[in-house]
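Because the structure is a prediction, the values reported are computed rather than measured.
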Amino acid sequence: VQLQASGGGLVQAGGSLRLSCAASISLSSRNLMGWYRMAPGKQRELVATISILTTHYADSVKGRFAISRDNAKNTVYLQMNSLKPEDTAIYYCYLDYIKPYWGQGTLVTVSS
C-alpha cells in the first residue's frame, strides 16, 4: 500500500491550502484515514481523521480545517483555512488498512 500526499506549500497567515492523499488500493468508508503533522521540535500530532461518516479534529484546528474523502478516487483531503504560523509542519496522511500506513509527508509553511 502506498500513500501519495500533495498540496503543501508556502502561504501567508490567513490563507488556505488543500492537501490530498491518494492511496494505491481501493478503499471503503470503513477504512480510517487521516492526517497527522509534525512541527519542528515537536511530537507528531493528530490533525483530523475520517471513517464512514465520523470525523474527528484536534482542538487546535476545529472550525478551520475540514477532512473529506472520495472513495471512488481512493483519496482523502484536508482543506485548511485561516492558516496560522503555528500550523507550519510536515503533514502526513494515514490509512488504517489491516495495519497503519503513512504517506511521505508534505510541507506546509505559513508565514506571518
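In this structure the side chain of M80 never reaches within 4.5 angstrom of the side chain of V47, judged on heavy atoms. Using a 4.5 Å heavy-atom threshold, the side chains of L95 and I25 count as touching. Contact check for V1 versus I98: no side-chain heavy atoms found under the 4.5 Å cut-off. Between V76 and Y94 the shortest side-chain heavy-atom distance does not fall below 4.5 Å. Using a 4.5 Å heavy-atom cutoff, the side chains of V61 and R37 are in contact. Annotation: side chain of Y57 is not in contact with side chain of I50 (no heavy-atom distance under 4.5 Å).
The distance from the OG1 atom of T55 to the CZ atom of R69 is 11.5 Å, given to the nearest 0.5 Å. Taking CH2 of W35 as the start and CG of L46 as the end, the distance is 13.0 Å to the nearest 0.5 Å. Note: L27 CG to N74 CG = 4.5 Å, rounded to the nearest 0.5 Å. Taking CD1 of I67 as the start and OG1 of T54 as the end, the distance is 11.5 Å to the nearest 0.5 Å.
Linking Ile, Leu, Val, Met, Phe, Trp and Tyr residues whenever their side-chain heavy atoms come within less than 4.5 Å leaves V11 and Y77 in two separate clusters. Hydrophobic cluster membership differs between L17 and I90, with clusters built from Ile, Leu, Val, Met, Phe, Trp and Tyr side chains linked at under 4.5 angstrom. Criterion: ILVMFWY side-chain heavy atoms under 4.5 Å apart, direct or through other members. Under it, L19 and Y92 are not part of a common hydrophobic cluster.
Residues D87 and K84 are not paired through a salt bridge, judged by the lack of any N-O separation under 4.0 Å between the basic side chain and the carboxylate.
For CD of E86, the number of neighbouring non-hydrogen atoms (other residues, nucleotides, ligands) closer than 6.0 Å is greater than 12. The local environment of OH in Y101 is crowded, with over 12 non-hydrogen atoms from other residues, nucleotides or ligands closer than 6.0 Å.
Under a 3.5 Å cut-off, the side chain of Q104 and the backbone N or O of Q4 do not form any donor-acceptor pair.
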Can you check side chain to side chain contact (heavy atoms under 4.5 Å, CB included) on Q79 and S16, steps first, answer last? CA-CA 7 Å; Q79 178 67 43; S16 299; 4.0 Å; yes

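Using the six-membered ring where Trp is involved, Y36 and W102 have ring planes that are perpendicular, over 60° apart on the 30 and 60° scheme.
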